[in-house]
Amino acid sequence: MRIAVTVARILLGLVFFVFGLNGFLHFMPNPPPTPAAGAFFGALIGTGYMFTLVFLPQVVGGALLLLNVAMPFALTILAPVILNIILFHIYLSPVPMQLVIAFIVTALELFLAWYYRANFAPLFSSAPRP
């Protein structure tokens, strides 16, 4: 199980660290967006801050996963990012291969969250802590 967790952690960390950095440094070309995706990206760019808000958690979460530091925190940071990726590829850019990759990333996140489930248990407890 430890090997599977390590592989999942490194794969997920690499995906988010590399693609998060690409959001800032633009070292990999992006495929041409669909019209809906282009409008979405235009709105994000127009705010002046949303791209940073989208890509900074990816870099931080990916780095934490790669360094094997604060795993539950890293998974918590990446969960809403992954949800947005899935919804983006379902509704705005339904390219089959990209959707498959998004589901693989989701599966890695869910596997790691299940492995670290004991760390998340207090979040679902209604008992007050002293």
Side-chain angles (χ1 to χ4, degrees):
M1 182 63 97
R2 280 201 167 303
I3 293 172
V5 169
T6 301
V7 169
R9 177 181 59 80
I10 291 171
L11 284 175
L12 194 61
L14 279 173
V15 164
F16 281 105
F17 188 72
V18 170
F19 285 101
L21 282 179
N22 187 55
F24 293 113
L25 305 175
H26 310 290
F27 52 84
M28 291 186 297
N30 292 322
T34 63
F40 179 71
F41 286 136
L44 291 178
I45 292 168
T47 65
Y49 71 92
M50 280 302 294
F51 258 43
T52 302
L53 190 62
V54 168
F55 291 114
L56 187 60
Q58 291 183 34
V59 173
V60 171
L64 290 173
L65 289 173
L66 289 172
L67 296 170
N68 199 20
V69 174
M71 292 297 296
F73 181 60
L75 295 172
T76 302
I77 290 172
L78 293 175
V81 174
I82 292 171
L83 178 61
N84 187 52
I85 289 169
I86 288 287
L87 294 175
F88 173 84
H89 286 294
I90 289 172
Y91 292 108
L92 299 177
S93 184
V95 178
M97 189 56 183
Q98 293 174 353
L99 195 54
V100 167
I101 293 169
F103 282 122
I104 290 170
V105 166
T106 303
L108 291 170
E109 167 87 6
L110 291 173
F111 171 70
L112 289 171
W114 176 80
Y115 184 78
Y116 290 100
R117 66 190 177 276
N119 297 93
F120 293 107
L123 294 174
F124 301 101
S125 172
S126 60
R129 296 182 76 158

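Numbers here simply count residues along the sequence, with the first being 1.
Residues Asn22 and Phe55 are not in side-chain contact: their nearest non-hydrogen atoms beyond the backbone lie 4.5 Å or more apart. Inter-residue side-chain proximity for Leu64 and Met71 is flagged as unmet; no heavy-atom pair is nearer than 4.5 Å. Residues Val81 and Val54 fail the side-chain proximity criterion, which asks for heavy atoms closer than 4.5 Å. In this structure the side chain of Thr47 never reaches within 4.5 angstrom of the side chain of Leu53, judged on heavy atoms. With a 4.5 Å cut-off on side-chain heavy atoms, Thr52 and Phe24 count as touching. Contact check for Leu21 versus Phe27: side-chain heavy atoms found under the 4.5 Å cut-off. Two residues are said to be in side-chain contact when any heavy atoms from C-beta on lie closer than 4.5 Å; Met1 and Tyr115 meet this criterion.
In this structure, Leu78 CG and Phe73 CZ are separated by 10.0 Å, a value rounded to the nearest 0.5 Å. Here CG of Leu11 is found 6.0 Å from CG of Leu108. Values are rounded to the nearest 0.5 Å. Taking CG of Leu123 as the start and OG1 of Thr76 as the end, the distance is 7.0 Å to the nearest 0.5 Å.
Minimum interatomic distance between Arg9 and Leu66 (heavy atoms only, all atoms of both residues): NH1-O, 3.3 Å. For the residue pair Ala102 and Ile85, the shortest heavy atom distance occurs at CB-CG2, 3.9 Å. Heavy-atom minimum distance, Ser93 versus Ala37: CB-CB, 4.3 Å. Across all non-hydrogen atoms, the minimal contact from Gly20 to Val59 is C-CG2, 3.4 Å. Closest approach of Phe19 and Gln58 over heavy atoms only: C-OE1, 4.0 Å. Contact between Tyr116 and Asn68 at its shortest, heavy atoms only, is OH-OD1, 4.3 Å.
Applying side-chain contact (heavy atoms from CB on, under 4.5 Å) to Ile10 and the options Val7, Thr6, Leu12 leaves one that passes, Thr6.
More than 12 heavy-atom neighbours from other residues, nucleotides or ligands sit within 6.0 angstrom of CE on Met28. Counting heavy-atom neighbours within 6.0 Å of Tyr91 OH, excluding the residue itself, gives a total of 12 or less. Within a 6.0 Å sphere centred on CD1 of Ile45, heavy atoms belonging to other residues, nucleotides or ligands number more than 12.
Using a 30° and 60° split on the angle between ring planes, Phe88 and Phe41 fall in the tilted class, from 30° to 60°.
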Using the side-chain contact (heavy atoms from CB on, under 4.5 Å) rule, take Leu75 and Glu109 through it: C-alpha gap first, then chi angles, then the decisive distance, then the call. CA-CA 7 Å; Leu75 295 172; Glu109 167 87 6; 3.4 Å; yes
Between Trp114 and Leu110, is a side-chain contact (heavy atoms from CB on, under 4.5 Å) present by the stated rule, with each step listed? CA-CA 6 Å; Trp114 176 80; Leu110 291 173; over 6 Å; no
Run the side-chain contact (heavy atoms from CB on, under 4.5 Å) check on Ile82 and Phe16 step by step: do they pass? CA-CA 10 Å; Ile82 292 171; Phe16 281 105; 3.4 Å; yes
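Judged purely by atom type and a 3.5 angstrom limit, Thr34 uses its side chain to pair as donor or acceptor with the backbone of Leu92.
Under the 4.5 Å side-chain contact rule for hydrophobic residues, Val95 and Leu99 do not share a cluster.
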